[in-house]
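The structure appears below as structure tokens.
Note that the structure is a prediction, hence the values are computed from the model and not measured. To find a chain, count down the sequence lines: A is the first, B the second, and so on, and within it residues start at 1.
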Amino acid sequence: MKATCLTMLLLLATAAQAGPAEQIAGYRSAAQAADPSFKDFSAERGRELYYRKVMKNGKMVSCASCHSQDPRQPGQTPAFRPIGPMATAVNPKRFTDPQKTEKWFRRNCDDVLSRQCTPQEKGDYLTFLSSIR
Amino acid sequence: MKRATVFVGMMLVSSILYAEEGEGLRVPMPAKISKAWKSECGSCHMAYPPGLLPGRSWQAIMNGLSNHFGNNASLDKVTEAEIRQFLVYNSADHDVRPLPATAKPTPTPRITETAWFRRAHSEVPSSVFRRQGVGSAANCMACHHAADKGVFAEEDVSIPR
């Protein structure tokens, strides 16, 4: 609960200049607050989260099911609308609006993992998607 | 020219659907569009024009956003209230009754399961809706290229091969 409030505050504080780097910095402070032994984000863990498959209503789903197997490529919603690529290298609009980023983490972590993602997972995820060239 | 076509198209739709469906259907888009509706309800599919469903169906949809056809489409309270009002007030029946406090969860209504939709598409086989370039009947834009502007005229229909 405390961590959530802190995340919100940090997100608000970084809202003015909010590229992926600023959002990652926000998640870093939140991850440190949640776990004092936290070291740093890892693109490898972010990749694992992106491709992690979970059984949902009889189907295997992952972040990649909508966001595409290659994050440099566009994805598609279950209602057949295209989704812009997730990799920041090909889509400069990615992770530039903290409210939007938080809204979709809230929805999509619930859809796939049936729970909320932790600040560490969010930071890992953004680190992975910003590391792709 | 374009305007005239659009207008005639809308007249056709509404007269046909008004004639056959007690509820009536208002396809023209409201003059004042809610930006929140356009962006929030247009992120997974096109933002379906409010005139395609009666007010109580939009209410049911807005009540069930946390499990919306298997997806979490939930919104913050302020945005939800704005969109709910926009949809209900501009709905097929211009519903202006006070918003119910809490409604029992009901199955989420579909446009594609209304009687008028089935009738309008009686000549489109279900296999066509499942085609690669379409996906499902809910993907109006695959065939009606100006559906997001409320235009469903025959001239603007083309079915992907």
If Ile, Leu, Val, Met, Phe, Trp and Tyr residues are connected whenever their side-chain heavy atoms lie under 4.5 Å apart, and connections chain through other members, are Phe95(A) and Ile83(A) in the same group?
-> no

Counting only heavy atoms not in Arg131(B), do more than 12 fall under 6.0 Å of its CZ?
-> yes

Just by distance, with hydrogens left out, do Asn72(B) and Asp111(A) show a side-chain donor and acceptor under 3.5 Å apart?
-> no

Closest heavy-atom pair and its distance - Cys44(B), Ala79(A) | O-CB, 3.3 Å

For Val134(B) and Phe80(A) the tightest heavy-atom approach is O-CG, 3.8 Å

Is it true that Trp104(A) and Tyr50(A) fall in one hydrophobic cluster, defined by side-chain heavy atoms closer than 4.5 Å?
-> no

State yes or no: do Leu52(B) and Met141(B) share one hydrophobic cluster built from I, L, V, M, F, W and Y residues joined by side-chain heavy-atom distances below 4.5 Å, directly or via other members?
-> yes

For the hydrophobic clusters of this structure (ILVMFWY residues joined by side-chain heavy atoms under 4.5 Å, transitively), does one cluster hold both Ile83(B) and Tyr89(B)?
-> yes

Checking heavy atoms, do the side chain of Gln132(B), its backbone, both or neither come under 4.5 Å from chain A?
-> neither

Is a side-chain donor or acceptor of Arg81(A) paired with a backbone partner of Met46(B) at a separation under 3.5 angstrom?
-> no

Top contributor to chain B contacts, counting heavy-atom pairs under 4.5 Å, from Arg106(A), Lys56(A), Gln76(A) = Arg106(A)

Atom NZ of Lys103(A) and atom CG of Asp76(B): how far apart are they, to the nearest 0.5 Å?
-> 8.5 Å

Take atom NZ in Lys38(B); do more than 12 heavy atoms of anything else shown fall under 6.0 Å from it?
-> yes

For residues His68(B) and Arg107(A), determine if any side-chain heavy atom of one lies less than 4.5 Å from a side-chain heavy atom of the other.
-> no

Hey, which of Asn67(B), Asn71(B), Asn139(B) has the most heavy atom pairs under 4.5 Å with chain A?
-> Asn71(B)

Counting heavy-atom pairs under 4.5 Å with chain A, the top scorer among Gly42(B), Ser74(B), Ser136(B), Ala142(B) is Ser74(B)

What part of Asp110(A) is in contact with chain B, defined as an atom under 4.5 angstrom from a non-hydrogen atom: side chain, backbone, both or neither?
-> side chain

Considering all heavy atoms of both residues, which atom of Thr77(A) and which atom of Ser43(B) are nearest to each other, and what is their separation?
-> CG2-O, 4.0 Å

With only heavy atoms counted, which part of Pro82(A) is less than 4.5 Å from chain B, the side chain, the backbone, both or neither?
-> neither

Do Leu49(A) and Val54(A) share a hydrophobic cluster (ILVMFWY, side-chain heavy atoms under 4.5 Å, transitive)?
-> yes

